[in-house]
Student: 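Sending over a structure as structure tokens; questions will come in a sec.
Values below: all heavy atoms of this structure, side chains included; hydrogens, waters and symmetry mates excluded.
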Number of protein chains: 2
Amino acid sequence: MARSASAMRGQILESALRLFAVHGFRGTSLQDIASDAGCSKASLLYHFAGKEKILTELLTPARDALATLLDRVAGLEGGRLVEETVVGYVDLTLRFRREIRLLFEDIAEMSCHQDLNVMELADGLLDALAGRSQRAPSRVAAWMVLGAVFITSATDDEVAPDEVLRAEMIRSALRTLDHTPS
Amino acid sequence: MARSASAMRGQILESALRLFAVHGFRGTSLQDIASDAGCSKASLLYHFAGKEKILTELLTPARDALATLLDRVAGLEGGRLVEETVVGYVDLTLRFRREIRLLFEDIAEMSCHQDLNVMELADGLLDALAGRSQRAPSRVAAWMVLGAVFITSATDDEVAPDEVLRAEMIRSALRTLDHTPS
DNA sequence: ACCGTAACTGTCCGATCGGTCAGGACTGAC
DNA sequence: GTCAGTCCTGACCGATCGGACAGTTACGGT
């Protein structure tokens, strides 16, 4: 029995992060976390005020890191601003990969579980976007376009009128893919 | 009372799509849908074998449209392939905007509900990525980079080694933002 | 040795949710 | 009129989940 407060807390957070990243937040019960961490459910609620507080504590470091990045680039402008922001943001997402994954797991599980097998189609789309290339740069760029268009289309309409949004999404996507217009 | 089978079914699907897009799939109960559609929960389960079947029927048109697109570009290659795929994919996401939104609502709700207010930070990040510009093209491109990096970092590691992934994400993101390296 | 306190647990609870079921209401065919 | 079949419902059920609480165990200071 981990008789140190911080030891058990750490164990709980570790188990929660792993389980959340596999089954999603809503798909993981307190009992699941407790079993994995090797303690009782009541012990969870002794260390954390509630299930959401566990998630909060899990995501706080990422939030703080993002805030720090924004502070750092606050004084910059022009090319330096964009470059520093992009590099910082990429590094940040890679560092907090598991945290981001847990946010997506609910979607992934939802898309797969149905009879409609979306994953197979996503592979085909990825292939086409990469121009059937298997090279890593092409694959990465294809993934980025897939995610970019997907998220942007879910954006509030107020960002841009539909026609502008459409045109810019297409142009930006082609730029991402390093596609020189014919 | 809609005494026609198809009328009630349509009403249920419409209510479900709207509620799912606001509260997410898991955040919407059968009772919620029934109340909104103006029928009993039991009536839902008369028309649909289960909650998941409602989601399936809601997402099937989008799935089919994607499959059709992939079929259409199956014979193409090179520049034509990429262009057709991008345009088709963008049009498709815009057409099924609400369906996509429902997939993201679980994430959005999770990110907002906490004390950690991520949305405010996301605004700041968007601003920086857009180089503080308020022009629609810059804003759209910034949104795309935000989504692209976010999703790609959650990707399976097998797509590319971390260092390659990092370098390509940065380069692709800067291309997306139409940023000419200094 | 004693005691206060932190760490931990078993047990119970209310709420909610997805789903079942027997039966009522309506409609069209004959 | 009646009968079959579709449409719809109220009531109920089992399971699960997040959370509350009283009580127990272990430990550190004195």
Side-chain angles (χ1 to χ4, degrees), chain A residues 1-59 102 105-106 109-116, chain B residues 1-59 102 105-106 109-116:
Chain A
M1 289 304 132
R3 267 289 161 186
S4 140
S6 55
M8 194 72 250
R9 268 184 71 98
Q11 182 74 327
I12 291 171
L13 286 173
E14 173 61 29
S15 293
L17 178 55
R18 198 160 51 78
L19 291 176
F20 286 164
V22 173
H23 304 110
F25 177 70
R26 287 206 171 90
T28 305
S29 70
L30 292 181
Q31 188 57 61
D32 292 335
I33 303 173
S35 300
D36 189 272
C39 67
S40 70
K41 192 176 61 163
S43 182
L44 286 192
L45 294 161
Y46 168 77
H47 287 289
F48 299 92
K51 193 184 180 187
E52 289 207 340
K53 289 299 173 61
I54 299 179
L55 182 61
T56 302
E57 191 143 330
L58 240 28
L59 296 183
L102 87 81
E105 203 47 42
D106 278 320
E109 201 151 338
M110 212 184 323
S111 301
C112 296
H113 195 276
Q114 318 296 111
D115 352 28
L116 32 87
Chain B
M1 289 305 130
R3 267 286 160 188
S4 140
S6 55
M8 194 71 251
R9 267 185 70 97
Q11 182 72 3
I12 290 172
L13 286 174
E14 173 61 28
S15 293
L17 178 55
R18 197 160 51 78
L19 291 177
F20 286 164
V22 174
H23 304 110
F25 177 69
R26 288 206 171 89
T28 304
S29 70
L30 292 180
Q31 187 57 61
D32 291 336
I33 303 173
S35 301
D36 189 273
C39 67
S40 70
K41 191 176 62 164
S43 182
L44 286 192
L45 294 160
Y46 168 77
H47 288 288
F48 300 92
K51 193 185 180 188
E52 289 206 341
K53 289 299 173 61
I54 300 179
L55 182 60
T56 302
E57 191 143 329
L58 241 27
L59 296 183
L102 87 82
E105 202 47 41
D106 278 319
E109 200 150 340
M110 213 184 323
S111 302
C112 296
H113 194 275
Q114 320 295 111
D115 352 28
L116 32 86

Student: Counting side-chain heavy atoms from C-beta on, which of dG18(C), dC8(D), dA6(C) comes nearest to S29(B)?
Tutor: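 Of the candidates, dG18(C) comes closest.
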Student: Applying a 4.0 Å non-hydrogen cut-off, can you work out what L45(B) is touching in the nucleic acid: base, sugar-phosphate, or nothing?
Tutor: base
Student: Which pair of non-hydrogen atoms, one from S43(B) and one from M8(B), has the smallest distance, and what is that distance?
Tutor: OG-CG, 4.5 Å
Student: Between the base of dG18(C) and the side chain of K41(B), is one N or O donor paired with an acceptor at under 3.5 angstrom?
Tutor: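 Check passes, donor-acceptor contact within cut-off.
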Student: Can you tell me which nucleotide in dG18(D), dG10(D), dA6(C) comes closest to the side chain of L30(A)?
Tutor: dG18(D)
Student: Calculate the interatomic distance between F25(A) atom CZ and dG18(D) atom P; express it in whole Å.
Tutor: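 Going from F25(A) (CZ) to dG18(D) (P), I get 8 Å.
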Student: Determine, step by step, whether Q31(B) and S35(B) satisfy the side-chain hydrogen bond (donor to acceptor under 3.5 Å, both in side chains) criterion, reporting the C-alpha distance in whole Å, the side-chain angles of both residues, the deciding distance to 0.1 Å, and the verdict.
Tutor: CA-CA 6 Å; Q31(B) 187 57 61; S35(B) 301; 3.2 Å; yes
Student: Could you work out which one of dG19(C), dT9(D), dC8(C) sits closest to the side chain of M8(A)?
Tutor: dC8(C)
Student: Taking NZ from K53(B) and C1' from dG18(C), how many angstroms apart are they, rounded to a whole number?
Tutor: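 In whole Å, dG18(C) C1' and K53(B) NZ are 14 Å from each other.
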Student: If I take atom CD in residue Q11(A) and atom P in nucleotide dA7(C), what distance separates them, rounded to the nearest angstrom?
Tutor: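 One finds 16 Å between P of dA7(C) and CD of Q11(A), rounded.
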Student: What are the two closest heavy atoms between V22(B) and E109(B), and how far apart are they?
Tutor: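 Closest pair (atom of V22(B), atom of E109(B), distance): O-OE1, 3.8 Å.
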Student: At their closest point, which heavy atom of D106(A) faces which heavy atom of F25(A), and how far apart are they?
Tutor: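 The pair with the smallest heavy-atom distance is OD2-N, 3.7 Å.
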Student: Just how far, in rounded Å, is C1' of dT9(C) from CD of Q31(A)?
Tutor: 12 Å
Student: Name the closest nucleotide to the H47(A) side chain, picking from dG10(C), dG19(C), dC8(C).
Tutor: dC8(C)
Student: C39(A) and L44(A): which non-hydrogen atoms are nearest, and at how many Å?
Tutor: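 Residues C39(A) and L44(A), closest heavy atoms: SG-CD2, 4.3 Å.
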Student: Just compare dG10(D), dG19(D), dA20(D) and give me whichever is closest to any side-chain atom of A42(A).
Tutor: dA20(D)
Student: Pick the closest DNA chain C nucleotide for Y46(A) and for D32(B) by heavy atoms, then say which residue is nearer the 5' end.
Tutor: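 Upstream on the strand: Y46(A).
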Student: For R9(B) and dT6(D), give me the distance from atom CZ to atom P, rounded to whole Å.
Tutor: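 Spelled out: CZ on R9(B) to P on dT6(D) is 15 Å.
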Student: For the pair made of CZ in F48(A) and P in dC8(C), what is the distance, rounded to whole Å?
Tutor: 11 Å
Student: Using only side-chain N and O atoms of S43(A), determine if any of them is under 4.0 Å from OP1 or OP2 of dT9(C).
Tutor: yes
